[in-house]
Amino acid sequence: MKRTLLTLLAALVLLPALADEGMWLPSLISERIDDMRAKGFRLTAEDIYSINKASMKDAVVLFNGGCTGELISPEGLLLTNHHCGYDAIQKHSTVEHDYLTNGFWAMSRAEELPNEKLWVRFLVRMEEVTDRIAAGETAAQIVEKAKAEGTGYKASVEQMYYGNQQFLFVYEQFDDVRLVAAPPSSIGKFGGDTDNWIWPRHTGDFSMFRVYASKDNRPAAYSPQNVPYRPKKHFSISTKGVKEGDFTMIYGFPGNTQEYILSDAVAYIAERSDPAKIAIRTGRLDIITKAQESDPALRIHYAAKHASIANAWKKWQGEALGIDRRGTVAAKFDYETQFGLWSVGRPEYAGVVMGLRAEYDRIMDAYFAYEITRETLSTLPAAYTPEERAEECFARRKSAEQALWRHAFREYGRCPKVYRTPSYAEGMARYKSPEAYADALFEAVWEGSDSVTMQPAVRLREETKRMLDHISWMLGTKSLRNLNSKILNELYTTYIKGLREWDRERAFYPDANLTLRVAYGSVAGYEYADGEYHKPQTTLDGIIAKDNPEIYDYDIPQSLRDLYASKNYGRWGTVIDGRRTVPVCFLATNHTTGGNSGSPVLNARGELVGINFDRTWLSTMSDIAFDPDICRNIAVDIRYVLFVIDRVGGAGYLLDEMKIRR
Ligand code: ARG
Ligand code: ASP
């Protein structure tokens, strides 16, 4: 009796952190709304998504095809991450006006900077079209019809549950999006690659843009005559802050998850693919880091390359570790076996799990070869361009570049033999070692030699491309982002259908595919290690503790040091654990992935309390299996964003157009 009571109590206490898995389709959110309200949400399904009235979806945008942004004023002001605005900020930066280093603050509308090829997309509506397609209409016809509905309309039909359902998404795209503000990188990218995917975190990862439209509020190409867009809806901001257990919701565009893949695929990822790719990238990063440390010009030259190699490299480590620690492969295998037993005597499903396993057996090596090739030979340049050659630091790159070629040639040896290009085998026979072979080809490309000397490098390159094509032909699909094949896709269509029939308790949601989703959960810390609990909130005090002028990633602007010294926090100061400070980042249990960067983090009343930008290290396993004990998303606290705009940027005037509630 006592034991049951205790278990019950424990369950109650743990409740807020439980079962926050899922990325839900907004148009079907009414199916989740009771659960959301039970967890604290105060609004309705219609407030989240409606085609009859302005709703939250009208304040969320797909930001340039890889991130999310949100509208925070009636005049088109938009928030996203610093790392999402990075390209735009970098393009406007010069030695005289280095906005990456020093930040950028438009002091009037006239100072807002236009950006070529930067766009945002609002969801006009979404609807299921499975029946229309079954009745004979093609996806292309449906898309064409939808696009004709309005100026700047885009549309696509997306598959859910491996094609069991199809949904039409209609978007309105705006192409005049101007840069309004960005903090210095020492705030916006504070902690750099060292703190990336890590908690405790202190990054002010935000930037601001403004959407412009024609005078009649429609999408229009850039023009000085354009005016700020008047969105149907924008988010109010709450400066009340969050505390552990508070409801949170994330509305955004998650890119890619694989929650239903077989244990075979999970084992492949965690035991074969991730470790190989990590090892290869470790070597590349070592070479690049060494070059960067030897020469300040090279540090800058390789910065973006280093960051992009390191981001996935670190993610894969967390993912593989998480999967291993949580026993994901074994748990999935059990689940599949139980399904297999249920499916006996059900002709539609019997054999589907075995079929999947057999297909994985067929394609595993080919896909591994594809991945290894992409991580090695495909990373080498076809040529060093005249622009590069003109750069002051070009000659000093030679030894690093040569080392990268040698490394790629060596690591390509991991590729199963039958999928290696013939010229590689010939080259190895002739030069006896990958290093000597690499040197010969590198020399020709580095010198920019004549076509005869270049021939072996050109041939290797072309054969490599053709080998990748050959693999995608074998797999029957061009979409090789995941371990995938045409046959797998068909089998998964059946498998998911069967799972949904069999596992009535499970709350199914379609894998992320860069369509708009709602995730909900609560602010929560987690047990990082045995006896080591990580609190869900960080503060300015933590930034000061990390501050170190000697270390590039931790060298904060003097203005922040001064603000800390004077405690001149104004309305942004608040008492946390008995100390007056400024809140910086917080953790929550929302299920997110790449593409959710920049997403609004909303409280129970639908007010903006943060901007999502990352996950903790082991959390990255949530792309494959969401574990409520450890999976946490990381957001920058909106109060830190406002503090930085106001106190560091001196651009407090921007706050006037926002609706800030205390
Ligand atoms: N890990 C985050 C994401 O996947 C942030 C990446 C940008 N930050 C960085 N230090 N590289 O996008
Ligand atoms: N940092 C990721 C992004 O840019 C978010 C994540 O993977 O959690 O979308």
Side-chain angles (χ1 to χ4, degrees), residues 20-21 23 60-70 79-87 89-90 100 182-199 201-207 248 250-258 281 285 288-289 292 302-319 322 481 511-517 519 521 546 551-554 585-601 610-624 626 630-636:
D20 295 325
E21 174 177 359
M23 303 171 166
V60 182
V61 295
L62 176 61
F63 186 86
N64 224 25
C67 279
T68 303
E70 56 274 8
L79 270 179
T80 186
N81 289 145
H82 186 262
H83 79 261
C84 297
Y86 201 80
D87 269 357
I89 305 164
Q90 179 168 29
L100 271 183
S185 290
S186 51
I187 288 177
K189 206 175 183 280
F190 179 76
D193 289 332
T194 319
D195 281 9
N196 192 22
W197 301 115
I198 295 286
W199 184 263
R201 190 64 156 276
H202 300 89
T203 312
D205 199 343
F206 79 92
S207 60
T248 54
I250 287 194
Y251 211 167
F253 289 87
N256 180 29
T257 61
Q258 313 175 70
R281 287 197 179 200
L285 287 169
I288 292 172
T289 307
Q292 286 182 297
Y302 286 118
K305 187 166 182 162
H306 189 284
S308 91
I309 298 171
N311 194 38
W313 168 78
K314 206 163 176 185
K315 188 218 150 176
W316 293 327
Q317 295 179 52
E319 180 177 81
R481 189 151 57 131
D511 270 319
N513 56 1
L514 211 63
T515 59
L516 188 60
R517 303 297 176 92
K546 281 181 182 171
I551 303 175
Y552 182 76
D553 285 344
Y554 297 117
C585 289
F586 65 88
L587 283 183
T589 62
N590 302 276
H591 192 179
T592 55
T593 187
N596 269 123
S597 273
S599 298
V601 185
I611 312 170
N612 186 67
F613 71 97
D614 208 6
R615 283 170 285 165
T616 60
W617 203 25
L618 300 194
S619 294
T620 54
M621 70 175 284
S622 70
D623 289 352
I624 290 160
F626 183 92
I630 59 165
C631 289
R632 300 288 180 271
N633 65 299
I634 305 177
V636 52

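Please read all numbers here as calculations on a predicted model, not as lab measurements. Start at 1 and go down the list; that is how both ligands and their atoms are numbered.
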Atom 2 (C) of ligand 1: closest protein heavy atom, distance to 0.1 Å, is D614 OD1, 3.2 Å
For this session: Would you indicate whether the side-chain heavy atoms of C585 and W199 approach each other to under 4.5 Å?
Result: yes
When you compare the side chains of D195 and H202, does any donor N or O come within less than 3.5 Å of an acceptor on the partner? no
T515 and P254 have their tightest heavy-atom pair at O-CD, 3.7 Å
Quick note, salt bridge (Lys or Arg N to Asp or Glu O under 4.0 Å) partners involving residues 612-623, not counting sequence neighbours, are R201-D614, K315-D623, R615-D623
Are any protein N/O atoms closer than 3.5 Å to the N/O atoms of ligand 2? If there are, list each pair with names and the distance to one decimal place.
residue, atom, partner, partner atom, Å
ligand 2, 1 (N), S597, OG, 3.1
ligand 2, 1 (N), F613, O, 3.0
ligand 2, 4 (O), H83, NE2, 2.9
ligand 2, 4 (O), S597, OG, 2.4
ligand 2, 7 (O), G594, N, 3.2
ligand 2, 7 (O), R615, NH2, 2.9
ligand 2, 8 (O), R615, NE, 2.8
ligand 2, 9 (O), G595, N, 2.6
ligand 2, 9 (O), S597, N, 3.1
ligand 2, 9 (O), S597, OG, 2.8

Practice item. Please determine if G192 has a nitrogen or oxygen closer than 3.5 Å to a nitrogen or oxygen of ligand 1. Key: yes
min-distance protein heavy atom vs atom 12 (O) of ligand 1 -> H83 NE2, 3.2 Å
Closest to atom 11 (N) of ligand 1 among protein heavy atoms sits D193 OD1, 3.1 Å
Worksheet item: Have N596 and N612 got a donor and an acceptor in their side chains that come within less than 3.5 Å?
Response: no
I'd like to check R632 versus T589 (side-chain heavy atoms, cut-off strictly below 4.5 Å). Are they in contact?
yes
Review point. Under a 4.5 Å cut-off applied to non-hydrogen side-chain atoms, are W197 and N311 in contact?
Key: yes
Assess, by modelled atom type and distance only, whether the side chains of S622 and S619 contain a donor and an acceptor separated by less than 3.5 Å. no
Near F613 (heavy-atom distance under 4.0 Å), the atoms of ligand 1 are 2 (C)
Note: ligand 1 atoms sitting under 4.0 Å from heavy atoms of W197 are 1 (N), 4 (O)
Quiz item: Heavy-atom distance under 4.5 Å between the side chains of D20 and H591, does that happen here?
Solution: no
Taking every heavy atom of Y554 against every heavy atom of G191, the minimum-distance pair comes out as CE2-CA, 3.7 Å
When distances are taken from atom 5 (C) of ligand 1, the protein heavy atom at minimum range is N196 OD1, 3.4 Å
Residue, atom and distance of the protein heavy atom nearest atom 3 (C) of ligand 1 read N311 ND2, 3.8 Å
